[in-house]
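First the structure, in the form of structure tokens, and then the observations on it.
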Amino acid sequence: MTQQNVVVSDPKSGINLTIPVKVPVSNSSALFTTAAQKPPPGPGSCITISRKTLVEINGNNSARINSWVESMRASSPTHHKSSPALSDDLNSWMVQHPSALDMFEQIISASKGKQIVMFLDYDGTLSPIVEDPDQAFMSDAMRATVRKLARYFPTAIVSGRCRDKVYSFVRLAELYYAGSHGMDIKGPSKGSKYKKGAHAVLFQPASEFLPMIDEVYKELVDITKSTEGVRVENNKFCASVHFRCVDEKKWGELAQQVRSVLKEYPKLRLTQGRKVLEIRPTIKWDKGKALEFLLESLGYANCTDVFPVYIGDDRTDEDAFQVLRERDQGFGILVSKTPKDTHASYSLQEPSEVMVFLRRLVEWKKLSLRRQFRIRRQIEEMKASLRN
Ligand SMILES: O=P(O)(O)OC[C@H]1O[C@H](O[C@H]2O[C@H](CO)[C@@H](O)[C@H](O)[C@H]2O)[C@H](O)[C@@H](O)[C@@H]1O
């Protein structure tokens, strides 16, 4: 294998990229690997470097990089000022994915007689998106709401972050946590009233990847160190390369750097979240599988009387939304202000609306428990008066 440095000029943006090209070039050109992220066009399987083919490589690479940048841009669309066309789009999307607040009564009636189980994504769902991932705190009001929620329903946090990190933000011991996109699952450390011994649940399907992720994390830090604004996060069983604060003109180069590291690790794949490239093991495990695992751990594997509700804002949450569609159980709620392709049934605009929705659930449950209690007491009183 020889390596050539090729300068690719993107005619659209005018960006020049220096790209190491190996000969022959492997066919593993796909950068993004989920169904929602169509792989960009790649080169043929074998390229002999000649003047003519260098031009072809440039052309292909340029098209491919453009396609990656497009995909990166779409990962977290910037909100533009509203225009009539945009609000038309939003309105027709809202018909397909109505607000979970507007549909609250229908949602509750669909859950009648079933055990609601809550699954909550963290970033962009419980906490607003901010530039610095270390500053993505959830409000005390949100924490109090989630604490109450967990009193009435089994509740899990399902996050791309490593479990310890997301726990340090949420700080509620009574919840289930699935970190690293579901690859690190742990039951409540405080006794759970839903399942005895649930604290013992610990599942890490990608533990063998730990040293590899560590190595890749270090390589990513090194290769991207000259890119201003980039932030690489070690999420234990996966790694995140944040480009929220990177100049858009540098996105193509960054994607290329990440790909050059990944090329050496065929057992890892790349997915995307909101202005973040996520490097994770190729194992068939995602937030959807984590949801199924948690339902099973809670004893609801083959139950028809369970009603899982998953709230998330990201592409990686789609796996969980899809599982709910396939099981035809419960539903997904996408947190988004803009129309997006989604398997979720309902929508909420932002974390503040998520909090309102969760509070309404708590209030509804409190009332219905009180009502049940009153009815039971009346029955007891009637029985007692019949006996006397
Ligand atoms: O599954 P999640 O809980 O939503 O985690 C997904 C990623 O979230 C974090 O990044 C995102 O939020 C940051 C803070 O608001 C923001 O700066 C970044 O642009 C977003 O992508 C987290 O830092 C990642 O590790 C998670 O994978």
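Below, all heavy atoms of this structure are taken into account, side chains as well, without hydrogens, waters or symmetry copies. Computed from a predicted model, the values in this text were never measured in an experiment. Both counts, for ligands and for their atoms, begin at 1 and track the order of listing.
Between Ala150 and Glu174, the closest heavy-atom pair is CB-CG, 4.1 Å. When every heavy atom of Thr145 is checked against every heavy atom of Arg359, the shortest pair comes out as OG1-NE, 3.4 Å. Between Leu348 and Ser99, the closest heavy-atom pair is CD2-OG, 4.4 Å. In this structure, Lys289 and Lys284 approach most closely via the heavy-atom pair CE-O, 3.5 Å. Residues Arg325 and Ala344 share a closest heavy-atom pair of NH2-O, 3.2 Å.
Using modelled atom types, no side-chain atom of Asp305 and backbone atom of Lys114 make a donor-acceptor pair closer than 3.5 Å.
Counting protein heavy atoms only, atom 20 (C) of ligand 1 is closest to Arg274 O, 3.3 Å. Counting protein heavy atoms only, atom 12 (O) of ligand 1 is closest to Asp123 OD1, 3.4 Å. Summary of contacts: the protein heavy atom closest to atom 6 (C) of ligand 1 is Asp314 OD2, 4.0 Å. Nearest to atom 15 (O) of ligand 1 among the protein's heavy atoms is Val130 N, 2.8 Å.
Only the side chain of Asn235 comes within 4.0 Å of ligand 1, judged by heavy-atom distances. With a 4.0 Å cut-off on non-hydrogen atoms, Ala136 touches ligand 1 through its side chain and not its backbone. Counting heavy atoms closer than 4.0 Å to ligand 1, residue Glu131 contributes backbone atoms (N, CA, C, O) but none from C-beta onward.
For atom 27 (O) of ligand 1, the nearest non-hydrogen atom from the set Glu278, Arg244, Gln272, Gln135 belongs to Glu278. Taking all heavy atoms of His242, Arg231, Glu233 into account, the minimum distance to atom 25 (O) of ligand 1 is reached by Glu233.
Listed by number with element, the atoms of ligand 1 under 4.0 angstrom from any heavy atom of Gly160 are 1 (O), 2 (P), 3 (O), 5 (O), 27 (O). Each of the atoms 21 (O) of ligand 1 lies under 4.0 Å from some heavy atom of Val276. Annotation for ligand 1: atoms under 4.0 Å from non-hydrogen atoms of Ser159 are 1 (O), 2 (P), 3 (O), 5 (O). Interface of Tyr122 with ligand 1, defined as ligand atoms under 4.0 Å from a residue heavy atom, comprises 3 (O).
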Checklist entry - Do Phe237 and Phe209 pass the ring pair (Phe, Tyr, Trp, His ring centres under 6.0 Å) test, and can you show the C-alpha distance, the side-chain angles, and the key distance before you say yes or no? => result CA-CA 7 Å; Phe237 296 106; Phe209 287 89; 9.0 Å; no

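The closest approach between Lys165 and ligand 1 stays at or above 4.0 Å for every heavy atom of the residue.
Between Tyr122 and Phe169, the ring-plane angle classifies as parallel under the 30° and 60° cut-offs.
With no hydrogens or angles considered, a side-chain donor-acceptor pair links Ser71 and Gln272 at under 3.5 Å.
Partner of Asp123 under the salt bridge (Lys or Arg N to Asp or Glu O under 4.0 Å) criterion, out of Arg244, Lys165, Arg161: Arg161 alone.
Here's the thing with Asp121: one of its N/O atoms is less than 3.5 angstrom from an N/O atom of ligand 1.
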